[in-house]
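Worksheet: one structure, shown below.
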Amino acid sequence: MKHKKALIGNISYLYFLLTLCLILFACISVIIGVADITVGDIINIIGAKLKLVPLSESISKGQETIVWNLRIPRILMALLTGINLAITGAVYQSLFRNDMADPYMLGVSSGASLGAAMGFILGGFLPVWAFVGAMLANGLVISLSGIKGKVSPIRLLLSGLAINYFFSALLSYIRIQSEDKQLAVFVWGMGSLNAASYKRVGILLAITVPILCLFFVYRKELNLLLMGEEAAKAMGVDVSKVRKRLLVASSILIATNVAFTGTIGFVGLIIPHMVRLLFGSNYKRTLPLCGFFGMYFVLFCDDLARAVSSKGEVPLGIVTALFGAPYFMYLIYKERRRES
Amino acid sequence: MKHKKALIGNISYLYFLLTLCLILFACISVIIGVADITVGDIINIIGAKLKLVPLSESISKGQETIVWNLRIPRILMALLTGINLAITGAVYQSLFRNDMADPYMLGVSSGASLGAAMGFILGGFLPVWAFVGAMLANGLVISLSGIKGKVSPIRLLLSGLAINYFFSALLSYIRIQSEDKQLAVFVWGMGSLNAASYKRVGILLAITVPILCLFFVYRKELNLLLMGEEAAKAMGVDVSKVRKRLLVASSILIATNVAFTGTIGFVGLIIPHMVRLLFGSNYKRTLPLCGFFGMYFVLFCDDLARAVSSKGEVPLGIVTALFGAPYFMYLIYKERRRES
Amino acid sequence: GSKNQGDQTAPSTSPEVSAEVTSQPEQTADEAFNVTITDSTGTEITLTKKPERIVSLAPSTTEILCALGLEDKMVGRTKYCNYPESITALPEVGGTSNPNVEAIVDLNPDLVVGATHVSEEVIGKLREVGINVAFLNEQENFEGTYSAIEKVGMLTGTDEKAAEVVAEMKQKVADLEIALQGLNLTELPKVYYATGFGESDYGAGGDTFIGEIIHLAGATNIAQEISGWSISKEQIADGDPDIIIVPSGVNMAADMATTDFYKDLRAVKEGKVYEIDGDSISRQGPRVADALVEMAQKIHPELAK
Amino acid sequence: MICIRNLSYEKSHKTILNSISFQFEEGKTYGIIGPNGAGKSTLLKHMMNLIVPPKNTIFYEDKDIRNFHVKDYAKKVSFVFQENTRQVDFSVYEMLLMGKYTEMDLWGNLSKEVEEEVVELLKELQILHLKDQPINTLSGGEAQKVFIGRALLQNTPLLLLDEPTSMLDMHNSIELMHCIERLKAKRHLTIVMVLHDLNLALQSCQELLLMEEGKIIMSGTPQEMVQGIELQRVYHQKLHLIEEAGQSYIVPRLF
Amino acid sequence: MICIRNLSYEKSHKTILNSISFQFEEGKTYGIIGPNGAGKSTLLKHMMNLIVPPKNTIFYEDKDIRNFHVKDYAKKVSFVFQENTRQVDFSVYEMLLMGKYTEMDLWGNLSKEVEEEVVELLKELQILHLKDQPINTLSGGEAQKVFIGRALLQNTPLLLLDEPTSMLDMHNSIELMHCIERLKAKRHLTIVMVLHDLNLALQSCQELLLMEEGKIIMSGTPQEMVQGIELQRVYHQKLHLIEEAGQSYIVPRLF
Ligand SMILES: Nc1ncnc2c1ncn2[C@@H]1O[C@H](COP(=O)(O)OP(=O)(O)OP(=O)(O)O)[C@@H](O)[C@H]1O
Ligand SMILES: Nc1ncnc2c1ncn2[C@@H]1O[C@H](COP(=O)(O)OP(=O)(O)OP(=O)(O)O)[C@@H](O)[C@H]1O
Ligand SMILES: [Mg+2]
Ligand SMILES: [Mg+2]
């Protein structure tokens, strides 16, 4: 632990540095995209939108739209998604004391997909349907595993798996049975930030802020939960209450995120692992660090997706896996080498 | 444990009973299907094929094919798939000491899917491609997590997850990029016993028998591994060797099975859990019982799939989830009630 | 948002075409152009100017646009839009289901036409930034195809040309009907249209467009009972098809002859596995009528010519 | 302080606690002794509310402990388990801070003095040099001291210790008893500890409870305990008592 | 029997074992004593090959233990850990059978006599009534006896015990020592055990090793040990020795 502490040095200094770099990174990200817009034009557009300078004549309506209505909300969405997934993943890994826990494990993603498909058939605003589906799946898992009495992590995990299988199967069945070609190819599964807009960013932000605050408040409890249920209780943690609150809060957070972006795998599983590998288990440190790394990672992947996308949009979920997995494997490999 | 022992009574008597019922069940299953063939005709066809009676004139070539070349191999395939998945799932849950372990966790299914897709594009016999893909993914996981040195379960789990994400993403990417109608429809993921044939049953059987024997030989080691690595070593288990052998054997088994049937989820995860819930952890009992329950379950699900298939073939993977998940949830719910 | 219930392809649901022409375009002068239609998402699209920069998000709409003589007004296409061949010179905006929004916006289109596969999100996003998107997810049958052509015609001010194209198609169908009149309805050949085989079997069910084409071409579909595309080997064996038809270009006919189970099917043994142009039969464009004729010729070489 | 009235507990049709009644007085040190499987740990877990007792059986200052909020109860009673999980990579310092959970503000921050208090305790337990070592690398006895330290930092009036000295060496056991004695003097602590080492129990406790098969079969001062015959009966063992300087020592005699 | 030559072990830049050399003779009972964190458990783990020692440092009957196959070594040496995982639902009987792993045939079957042997041992350890109880429901001491029993069933000539009596009551501790003594007489056993209870060590061991900070700083008979000053120095404690019937007893004196 000693060298790990040394590694991070003064922690608030590190956070400051990370924030600074993140802002820089986000700014650079605005430049990336298929449309050819110069940095000067971008600055001019943003300046004009903020009513600082007049809009240059040479800038077309399309370019204005691209920078202000496509790229910027998309970057904001990437940041929110990154922080939400990584932090929720970290929270789940403590709540369930299982290294394979990820934010979608309680049925959120399959529920959202099924909900979206239902919305597709019955009509309506898809994100709302997806949200309802996600909450339904999640609620089913939590209530069947016993929200009233003791919430047992292993029971939650298993019911989550079962519900995931069930909902996915139901979706596949509906797809197969439907002769509708559109439904057959309808894929909610692979996440994408394509539809990001200020409205969505706003809604997600409004949900993200209070819930992440809650998670930050519960950092101490998350640490204690790692010591086991009985020990946590003996030290004064109301284990059931904490579990329930965190479960409900994370469900809402992830359901909303999934409703807006679809399922973006890997982030919520791997970022917390990476952070723990590098900085240890203490949630006081790892929770904010997970947030930072999650944002960096998703933003980086989305930049990649946008950079290579001249031939069509590559879903973000694919990029996160294609770039995250090899790096993660490398980390594991290095860890092994170091150990032996 | 006392009442659990009472529950199963004389264990070899139970096995005998289970075998008997299974044979009966398999026979009844031959009757099920969309084509209208009477029981008499079926008996006649089978008798004729076994050269016991002459084939009745009223039986068409098609009916003969349906009973002898479609239904019977399919039932045999169901039995093999059931026993393989359930037993491998049980083995993995001990090897990794993780309740979420399932036979596809080391990358087999995504590897097979990618392999099959490659075969689809490049041409060739798909099962061979799928097998190669599965073995490749699996080999990558095992070798990166350190087959040479100590094999660490958690490292295996995590690399398995990473490889699964990576290969699935690659597959999605190829699909999106090609959007070849054929490839888009081509779903290797959802397992089905549609393509069962005697040749395949034969090959799978030839691989299943020695590997299941190996698993049975290693039942005692699996028990000891549950006590932790160091304790197992102190009692004389060559942990690394056992792990490696079981990993390689199960990889070959599951890769072959996936190559022939596709991914049939839920079975390998849930059957072992159910058996342990009912009969405790001792692999001496649970391994054979997992085998039996796996066979019953998959056969039952495939019967269902065939019974409802007049409106179209429903992939087996969907049926296993649609019928298994609610029952499993019910078990969990009951367990919870009993506990509190 | 998605409000495309009812007007979808399912024959079980309301067969009415939801797109209603609420105001006839005046075709006298370009400056007086004003048209409003309701598309499959229930959205009203009003154009006050004849579209000059059109992006097509589906091979079928591309074919329709080109058939209406609008090739020179198109500025973007998907990478699957490959007919007519000259269209491949246009810039791509990606695939059908998930095209690149930024690339589309960058083309400054005044109309985007899409069909079936385009994701809701892309449509929603394009509309949000003020681009006209007509999403034509019509019924998957001839009626739906005609209506798609007519709607594109209205939107682009080429109603007359559209009517012409539709009439031509109708004529082809009618001609075929006449040619096939002499068939013995109790002894129609049994046909199976396979799109995939081997590990899993996929064939055109009774409620698919291709199912309708098989029916119109004077044959019995062995997968008539099936809804959708997934079929089992037992059903194929039980159906015992006289003729198997497969899309061309992927070597399916040859592969079938060497694959277990299929090689023992009567149709395969008798060499009655025919290929048909996969693109024209699966795209809801002007070429489906040709596909129908081609299908009929394969099934009844003696009658339809 | 804490009062138990007719507490019974059954599990799998086996009576584990059999109508236990006892009144623990404030400011005293109690030792619970008894053979393996007597129900000592089970009793302590009930007193800690970890196994929720039936209604109206255990009272803390006349209030049924079931009615306490978990956090409030953790301000009253702290507990060191017989067996502790330590498969985490928290440092010793981080582990100890956990004991301060009840004093943390919403964001998990603690007052400035706490750091000093922790360092003070680390010194007292002689594990200051291990401050930054992850606890999954500690030796059994070192870890044991960390867990005891964590409970001590809870600053509760009542302390339940389940075999606190089981992995400690002689010096550390004695030091621990001294430490507890000092704290007791300072904070008017009540202590209930399960001990297998009878000599430690005799010297450090003011009252001993002898348990057997789920019952408290005798309680009294150490002197009463060694003079009674119950002890010998329960342990199926002739006890060898040595008197020195007014103190009785029990020595095991193997042969 | 087992011979250690200049064994050192470092971890995280900390010397945990410091050039240890010792020759364990066949048929004797050795006790390792020393304060917490002295490196006792680490030494035992090296001897069990669980931490693989450097080449040519530990020899079992003149063969480097690194060259033993795991299974063969488990026929020679058995080990009871200081801390044991028991979060499984195996019954006590099933747990004990695990000790017979090296004697199982390919399919995991054992000879008929083993059942009797196990029942015999259960009686000897006085846990016959727990035969079918899952070990995750046992009390600490009961479980400890099961783990010891499992090691005893391995029937090895060398037995390594890390604080075997840490959770046992007085009677069970003494009974365990008797049991080991009997087995030793019967099977010519060599025993190395880590003990914190000095009186038990003095009475049951023929030779004691005193460890401190990774070194064996003294070894000798119990008599030599109590007479030397090393013990007092290591434990920072004045030892109170009481002589009775030719036997020295160390009594803790708290105040
Ligand atoms: N589920 C159960 N089924 C049967 N017996 C049980 C169960 N749970 C606990 N017991 C028994 O309850 C008894 C009391 O256990 P407890 O842990 O309280 O003992 P203890 O006095 O602390 O013993 P030790 O000194 O060994 O720690 C033990 O004999 C144990 O076997
Ligand atoms: N990874 C590590 N980093 C630093 N120190 C370590 C590490 N692993 C072990 N140690 C130290 O090694 C020392 C010896 O540990 P060991 O478990 O052998 O002690 P022990 O003599 O068995 O003590 P006890 O009587 O408490 O069981 C301890 O002080 C421990 O803190
Ligand atoms: Mg106890
Ligand atoms: Mg130790």
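Hydrogens, waters and symmetry mates play no part in the numbers below; they use all other heavy atoms, side chains included. Residue numbering restarts at 1 for every chain, and letters A, B, ... go by the order of the sequence lines.
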- With a 4.5 angstrom heavy-atom cut-off, which part of B/Leu269 approaches chain A: side chain, backbone, both or neither? side chain

- Item | Gap separating the CG atom of A/Asp99 from the CZ atom of B/Phe96, nearest 0.5 angstrom | 13.0 Å

- Item | Most contacts with chain A, counted as non-hydrogen pairs under 4.5 angstrom, among B/Phe266, B/Phe328, B/Phe323 | B/Phe266

- Of all heavy-atom pairs between B/Ala169 and A/Ala321, which one has the smallest distance, and what is that distance? CB-CB, 3.5 Å

- Rounded to the nearest 0.5 Å, how far apart are OG of B/Ser159 and OH of A/Tyr330? 15.0 Å

- Item | Under 4.5 Å from any heavy atom of chain B - which part of A/Asp102 | side chain

- Separation of A/Tyr165 OH from B/Ile318 CD1 (nearest 0.5 Å): 13.0 Å

- If you round to the nearest 0.5 Å, how far is CD1 of B/Ile270 from CG of A/Leu161? 6.5 Å

- Interatomic distance, CE@A/Met100 vs CG@B/Leu157, rounded to 0.5 Å, equals 5.0 Å

- Sort out for me which of B/Leu171, B/Val314, B/Thr320 touches chain A most, counting heavy-atom pairs under 4.5 Å. B/Val314

- Among all residues two or more places apart in sequence or in another chain, which pass the side chain to side chain contact (heavy atoms under 4.5 Å, CB included) test with A/Leu170? A/Leu114, A/Phe166, B/Leu322

- Part of B/Leu158 lying under 4.5 Å from any heavy atom of chain A: both

- Message: Just to verify, what does B/Asn98 make a side chain to side chain donor-acceptor pair (under 3.5 Å) with, not counting sequence neighbours?
- Response: A/Asn98

